[in-house]
Amino acid sequence: MSLEFALAFMLIGPAATALLVLALSRPPGLRDVVHIGGALAVAAAALFVASAAGQGETARIVLARPLPNVDLAFSIEPLGALMGALISVLGFAHAAHAAGIVRATQEKAPARLMAFLSLALAAAMAVAFSANLFSLFVSYQALILATFPLVAHRGDEDARRAARTYLATLLAGSIGLLLPALVWTYAIAGALDFQPGGMLAGRVDTFTANALLVLFVFGIGMAATPPLHRWLAASSNAPNPAVVSIHAVTVLPAGGIGLLKVFALVFGGALAEARIASFALLVLVGVGMCVAALIALSKQDLRERLSYSCMAQSLAVAMGGLLALPVGLFAAALQVVALSCAAATLTMAVGTVAAATGRTSVADYAGLGRVMPWTFAGFALASASMIGLPPFSGAWAKLWLITAASAAGLTWAAGLAALAAVLTFAHLGPLAAHALAGRAPTDAFKRPDGASILLAAPVIFSAAATLWLLLLADPLASFLAPIWTPAS
Amino acid sequence: MNASLLELARQHALLLAVIAPFIGAALAVVAGHARVSWAISVLAAICSAVLAIDAGQRALINGAPIADSVEGIALRADGVALFAAAWIAGALAVTTIAAGAFLRQLNPRVAPLGLALVLCAGGGWIGALYAQDWLGLIAAASTAWIASVALAAFGAERDRAALNGAMRMLGAGGVACALLFFGAGLIGRGAGSLEIAALESARIFAPGLTLTGVGLILAGLAIQAGIAPLHLWGGAAFGRGGAWMMLTAGVIGIAGALTVIVRVAAHAMAAPAIASGVAAGLVALGAISALIGSMQAIGARSLPRLAAYAFAAQAGCVLISAALGSQAGIAAALVQALAIISSAIALFVGSAVMGGAQSLHALDGVGRRAPLAGAAITAGALGLMGAPLTITFLGRWRMIEAAVGVGWWWAACIAIAALLAGVFYGGRLVERVYFRRSSAVADAQAGDWCAAPALIAAICITLLGVEPSLLLRAVGAAGAMIMGGAP
């Protein structure tokens, strides 16, 4: 299989899966096989591409040239390959879980739901592999439009209101802020292709660098930087497969990837010119992390609590990138990986519990771990990773983040990151502990057979992924090194 | 024999492209039967389109010279005229074909007259684009306008309120006509010639007088193009005028008047004595239109009104692009005008297929009830929004690029603000088409084949947005041809 073919397959495969799911919506078994099989094939291709990228191979495909000197192009580079592998592997676990959820909850229009999950996956892969800012922008818009139906899936007035908030926040940010940043960058650089070391390095003055940084960071609203974070809470009442996709597999990770690409491949060395904006944004995201974790603590509905928890973790990505050091960028990349794995586990576990027991409130979780040991084992592992407890993946990301902040002389930023971790412990730690150690409820399950394997296995699978950075942190550092090393 | 006839037709392409719709109109009225009239009208519109497109292709893509026409009617082929007339004639053909979708909504006795009026409107605007002098432009534009007024009055058969719209159009047209004649007189006095192209080369004796004349001409055309705040007729005429009115005034009328404005502006901007004044006027009008149109479109509750206001907003960006006074600016204006034509066809034909949907509620669930019409309306809405990989996005990008190139950052901000507003009003349409349950009990739907013109426009919106090299070549040549040595 050539790399170009694998790259094209990763972009087209999920879209084709979406069409097939709609075409083969009955019988349900065939629909589920197509959905899971499609996700598996994409994951296999992504792992192949990541392996090739690790050996220094690269590929580029150009789909169109819609503007002079600007291609709609996708390429394989280490950051995209890592994120593509992450998204697609989690996408596979999520596809299996979604099949279990739609059966257990008898969700309406399941084929439509799965089709849009696949489309969202395609758009997220496109974000990961975008070769220039224009392709990133197009993929980003496509991801917004593909996930909007997921938020609106239930079709009632609440869902429509939430979907409107979701769409308005993300589209307004991307068109009102990201597009001007794009145009400005084009005016300065004369092109939009990503470059290791930064396409703006040596080309911008202080004012321009500061203004552009603000436009990019707020423009990529998927990273949930306040005040453009309302979409995250608005989407928390969508069907569980939609929530998993938005919070863990596609949208929030795409926000992180977008920021990373901008920090590493657009700004690079030019970040040093944007000290004022960097400092202001660091304060904003640092305080935002703590406030989001605090709000999460106040939420009794698990879905809302997790959405704010994910927001707090997502802001750590922005913090890492804004530190303007290679070690900060590495911490940010690790944080995207850790966040995705942990958030996928937690949101899927919450969906499993809701499907099997009908419980969604924090107060109702006590003792459930005794009747759903596998699911809550995963829940506990993911919670530990979110908090940053060693040896889970979140710990390495936070360690590098705090190291980077200290190396940049920003001890207060390291302190805010640590405080956010403590607050994350406060809203997730006792919850997991009560679920595992509390007295088992007598009539836990809505159905006598409890949670099916399709509901439990993906939780365990993604929870296991939170451990892999323990082994791979060092190889990942050398894998990603070309991203922040200027081309000679 | 056939080849020589074809060659003869090509030699007189400008003249034939203008008169073919009028001949078709006369024959349609004489034929009397609705279906026969429709077939004649389609044939005439296609003839006009083929000739105009062929002339445009020869001049703009192949670089071959096109002879001016002097047989009775003085016509001249400049870059903007060749490009815009080809698209207006194409749009006329598409809308005439689409008119077959709702022939049965009209009294069979008046349907031939309606078709004739559609052709007259199209022929009028093509004539205005090719006109060599100001008087020819005014005569042709006024002919097109009167035809549109008559079509607006047709809606009175179904809804008496349509007469209100027609009366407003008549009043606005009268004012516009007075402004045009007065402006032409002032230009004749100030520049010593009534030829449009002479403006750039003539020695202007009285720059103030000439500038006022050009300003009055542009104001008159702006009224006809529905540019805010001169669009007082738009809401009433579009809101109650019915499908015929929407198609003719919305697709042909607005786009025709707008491209004529671009043509006049391009000639005026090439005259150094008046260029800065014209640019200031265009910028002021464009900025106001973009802002007012966007706000009104966000608040609109019916599809025709929303479209009318949205097109006013888009037209504002076209004016700002034209005001740049460069080849790049004219090219950006032409791409955006084309985007307006395509979006209008997709939206209006799509809604006409749904029985001439007026209220936004009528669009609820169209995606399920009529997938083809839903797809066309969605493409039109995406065109209004300026979604990436659509022709509107391309036009806006070229505008921003050209504006930033001359340091007009504020113009880039207006373009982005208009895009942002487009997300809200265009997004509402998409949401209703696909994410609302149908509230309609029964629609007077036309056959699915009638959605074909709308789908052609939808394909145009996306295909030219994805692969625009030929389009960019054509508009680049059009800009170079009309602006001469301007950068």
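Naming convention: chains lettered A, B, ... in sequence-line order (proteins, then strands); numbering from 1 in each chain.
Per-residue counts of heavy-atom pairs under 4.5 Å with chain A were compared for B:Val466, B:Leu464, B:Ile400; the largest is that of B:Val466. Heavy-atom pairs under 4.5 Å with chain A were tallied for B:Glu401, B:Met385, B:Glu467; the largest tally goes to B:Glu401. By number of non-hydrogen pairs under 4.5 angstrom with chain B, the leading residue of A:Gln141, A:Arg65, A:Arg160 is A:Arg160.
To the nearest 0.5 angstrom, B:Leu419 atom CG is 11.0 Å from A:Leu171 atom CG. Residue A:Leu63 holds its CG atom at 9.5 Å from CG of B:Leu389, rounded to the nearest 0.5 Å.
Of all heavy-atom pairs spanning A:Pro66 and B:Leu394, the tightest one is O-CD1, 3.2 Å. The two atoms that bring A:Ile175 and B:Ile416 nearest to each other are O-CG2, 3.4 Å, heavy atoms only.
Residues B:Pro388 and A:Phe137 are in side-chain contact: their nearest non-hydrogen atoms beyond the backbone lie under 4.5 Å apart. Counting only heavy atoms from C-beta outward, the side chains of B:Trp397 and A:Val183 approach each other to under 4.5 Å.
For a residue to count as touching a neighbouring chain, one of its non-hydrogen atoms must lie under 4.5 Å from one of that chain's; by this rule A:Leu72 touches chain B with the side chain only. Looking at B:Tyr434, there are no atoms closer than 4.5 Å to chain A (heavy atoms on both sides), in backbone or side chain. The part of B:Leu472 that comes within reach of chain A is its side chain, from C-beta onward, which places non-hydrogen atoms under 4.5 angstrom from that chain. For B:Arg428, no part lies under 4.5 angstrom from a heavy atom of chain A.
Within 6.0 Å of CD1 on B:Ile61 lie more than 12 heavy atoms contributed by other residues, nucleotides or ligands. Heavy atoms of other residues, nucleotides or ligands lying less than 6.0 angstrom from CD of A:Glu157 number more than 12.
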